[in-house]
Amino acid sequence: MENTQSEFGTPKPENKKVVAGIFGILLGALGIHKFYLGYTKEGIIQILLNLLCGLGSLIGLIEGILYLTKTDEEFYQTYQVGRKPWF
């Protein structure tokens with residue numbers, strides 16, 4: 001399910017926008033959305049921020065909303081191709 005076929009038969013990469021956005025909103029304190037997108041170091045930092053000062057939850061909420069408000073192409077180019085780890 002990683003690749004789907006476009007109308008011309010070329011592989012189209014999976015867009016993880018909706019799942020990452022929901023993870024960010026609901027499980028942002030645990031950094032699950034970071035791990036889902038492949039940002040292991042940032043996920044660990046987010047867990048530590050949540051344990052030390054409670055900011056992990058707020059960051060997760062903000063990122064989840066940002067993920068869901070971007071277009072599919074914007075999200076894909078920014079977070080999956082460009083690998084932008086924060087906001």
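Numbers here simply count residues along the sequence, with the first being 1.
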Return the set of residues passing side-chain contact (heavy atoms from CB on, under 4.5 Å) with Val18 (not counting sequence neighbours), or none when no residue passes. Ile22
Mind checking the CD1-CG spacing from Ile32 to Leu37? Nearest 0.5 Å is all I need. 11.5 Å
Sequence neighbours excluded, the answer for side chain to side chain donor-acceptor pair (under 3.5 Å) partners of Gln77 is Glu73
Considering only heavy atoms from C-beta outward, does the side chain of Val81 approach that of Phe75 to under 4.5 Å? no
Value rounded to 0.5 Å, distance of CD in Glu74 from CG in Asn15: 11.0 Å
Does any pair with a residue in residues 19-29 pass salt bridge (Lys or Arg N to Asp or Glu O under 4.0 Å), and if so which ones, sequence neighbours excluded? none
According to the salt bridge (Lys or Arg N to Asp or Glu O under 4.0 Å) rule, which pairs have a member within residues 17-31, sequence neighbours left out? Lys17-Asp72
Do Leu49 and Ile62 belong together in a cluster built from hydrophobic side chains that touch within less than 4.5 Å? yes
Sequence neighbours excluded, the answer for salt bridge (charged side-chain N to carboxylate O under 4.0 Å, His left out) partners of Lys16 is none
Leu26 with Leu30, same ILVMFWY side-chain cluster at under 4.5 Å: yes
Write out all pairs satisfying side-chain hydrogen bond (donor to acceptor under 3.5 Å, both in side chains) with one or both partners inside residues 54-63, taking only residues at least two apart or from two chains. His33-Glu63, Lys34-Glu63, Asn50-Ser57
I need the full list of side-chain hydrogen bond (donor to acceptor under 3.5 Å, both in side chains) pairs touching residues 78-87, with sequence neighbours left out, sorted by first then second residue. none
May I have all residue pairs that pass salt bridge (Lys or Arg N to Asp or Glu O under 4.0 Å) and include part of residues 44-53, sequence neighbours excluded? none
Cluster membership besides Ile47, Ile/Leu/Val/Met/Phe/Trp/Tyr side chains within less than 4.5 angstrom, sorted by chain and number, is Phe35, Ile44, Leu48, Leu51
Restricting to pairs with a member in residues 39-52, which pass salt bridge (Lys or Arg N to Asp or Glu O under 4.0 Å), not counting sequence neighbours? none
Please identify each residue that fulfils side-chain contact (heavy atoms from CB on, under 4.5 Å) with Leu68, with sequence neighbours left out. Ile25
